[in-house]
There are 2 protein chains.
Amino acid sequence: MEYKEYIEKFFNQGHKHYLSHISIDCVVFGFHENELKVLLLNMKNLNSWVLPGGFILKDEEMETAVKRILTERTGLTDIFLHQFQTFGGLSRSSFTVPELFFKNLQIKKDSWMFDRFISVGYYALVEYSKVKPIPDILSEKCEWFNVHDLPELAHDHRHIFDEAWQSLRFWINHYPIGYNLLPEKFTMPDLQKLYETILDRKLDRRNFQRKMLATGILNRLNEVKPGVAHKAPYLYTFNIAAYEKTLKTGFGFAL
Amino acid sequence: MEYKEYIEKFFNQGHKHYLSHISIDCVVFGFHENELKVLLLNMKNLNSWVLPGGFILKDEEMETAVKRILTERTGLTDIFLHQFQTFGGLSRSSFTVPELFFKNLQIKKDSWMFDRFISVGYYALVEYSKVKPIPDILSEKCEWFNVHDLPELAHDHRHIFDEAWQSLRFWINHYPIGYNLLPEKFTMPDLQKLYETILDRKLDRRNFQRKMLATGILNRLNEVKPGVAHKAPYLYTFNIAAYEKTLKTGFGFAL
């Protein structure tokens with residue numbers, strides 16, 4: 001389908017297929033070489049950056065919709081998603097786009113896309129070198145940005161990103177992370193760097209090691225990192241059973 | 001307005017005032033004399049128990065809607081609300097009510113109320129003796145139930161309740177609670193009973209005391225509980241500044 005035809009059908013007929021008033025926004029975090037990145041789309045003819053997002057088909061589970069949206073818009077499949085917050089503010093509701101966008105397009109003034117939307121926010125954490133983002137028909141580009149160097153985002157997407165990052169920072173203080181993000185065998189400094197990147201601050205080495213070992217999710221191997229001549233650090237693996245259990249309960253107080 | 005007129009207007013005209021496809025469900029937990037209770041409504045002419053819930057007006061913030069719904073349906077005002085999960089399953093969508101409900105009512109077959117709804121879940125924790133629940137025009141009764149002795153709930157409300165309780169149990173392992181639920185001065189056993197009631201299990205006394213004191217949110221007073229002859233327990237107050245700070249960060253690792 002041509003872009004013009006697609007957009008017109010989407011604006012004029014979309015309400016027949018999708019639930020009105022409800023959208024999905026995804027914050028996809030990528031971890032690579034000790035940098036935290038986020039995946040953004042550049043909308044065609046708008047030159048504005050947005051989070052990957054979309055809508056729920058009338059006969060579709062919400063979780064299925066989220067996975068479909070990420071696959072359609074970014075080429076990503078099978079990634080861990082966490083629902084972190086639903087955004088229902090009034091000020092987010094107006095879908096304001098430049099007049100230019102509608103040039104040469106036949107779009108009804110009462111299109112469902114101009115209605116108010118409540119948006120359900122999900123975030124994901126992926127090893128970014130493993131994924132090949134593909135822009136969809138609506139997007140010019142699909143690119144990773146360092147979280148410290150984001151372009152201006154449309155709508156309230158900066159706010160959604162901020163809340164997602166805060167939620168992720170909270171999450172890693174309470175639940176294990178690292179599995180699927182680190183190699184099978186890793187050192188304590190590797191794990192600390194992952195935490196430091198997400199928390200965006202330096203952590204005390206001894207304190208970190210002590211707390212991490214106390215969680216019981218790590219196995220120290222009888223092996224040190226190869227190729228390090230002096231004081232080579234020990235290698236660790238995750239204790240998968242303990243890791244999975246802690247994913248359910250959180251570290252918390254462990255009262 | 002009469003019940004019949006109200007219901008007919010709500011089913012036949014409600015979509016003009018409320019956002020379609022989106023509902024709010026509230027799980028209001030009450031703590032009283034070491035029992036955890038939940039507030040339920042009994043719907044008129046249906047004899048079925050439901051969580052207090054409602055819809056968002058087209059020009060209303062979602063948070064405002066939640067507060068309005070709780071006030072309208074239960075008489076509660078100014079209570080702490082926590083958004084815990086949004087429910088988007090397909091199986092929850094069908095609004096099935098007995099034919100009996102519609103007897104003598106003129107309701108359109110394509111009423112917005114028969115559409116699918118995504119529901120945003122909030123929970124609250126209140127000292128239940130302070131509130132006077134008032135049934136609204138739709139409800140026969142508005143009552144507290146012990147969480148261990150709930151009646152059958154309509155729709156997926158049992159699932160929503162279970163998720164809310166799980167979320168609350170998680171919350172108290174990571175964030176302080178007790179302020180507004182306990183008297184200004186309380187003993188360590190009082191605080192432990194609050195945790196035990198919500199967690200629904202016994203906790204080790206020494207371990208609990210040690211972990212609680214380590215959080216830094218408690219001030220031990222130079223006073224013991226009056227009226228206790230032998231080994232009277234010390235009284236505590238919350239350190240409000242530390243309490244408020246920890247409400248933002250959580251206990252977590254404190255990495």
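Proteins get letters first, then strands, A, B, ... in listed order; numbering begins at 1 in each.
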Atom group of B/Glu63 that falls short of 4.5 Å from chain A, counting heavy atoms: neither

Side-chain donor or acceptor of A/Asp190 paired with backbone N/O of A/Thr187 under 3.5 Å: yes

Interchain contact, A/Tyr122 with chain B, by part (heavy-atom threshold 4.5 Å): neither

Aromatic ring pairing B/Tyr195/B/Phe208, orientation class (parallel under 30°, perpendicular over 60°, tilted between): perpendicular

Among the listed options B/Asp204, B/Thr86, B/Thr64, the residue most often paired with chain A at heavy-atom distances under 4.5 Å: B/Thr86

Other residues, nucleotides, ligands: >12 heavy atoms within 6.0 Å of A/Lys58 NZ: yes

Donor on one side chain, acceptor on other, A/Asp200 and A/His148, under 3.5 Å: yes

A/Phe161 ring center within less than 6.0 Å of A/His157 ring center: no

Structural part of B/Leu57 lying under 4.5 Å from a heavy atom of chain A: backbone

Residue B/Gln83 versus chain A: region with a heavy atom under 4.5 Å: side chain

Proximity breakdown for A/Gln166 and chain B, heavy-atom pairs closer than 4.5 Å: neither

Polar contact flag, side-chain donor to acceptor under 3.5 angstrom, A/Thr197-A/Asn34: no

Side chain / backbone / both / neither for B/Phe87 at chain A, heavy atoms under 4.5 Å: backbone

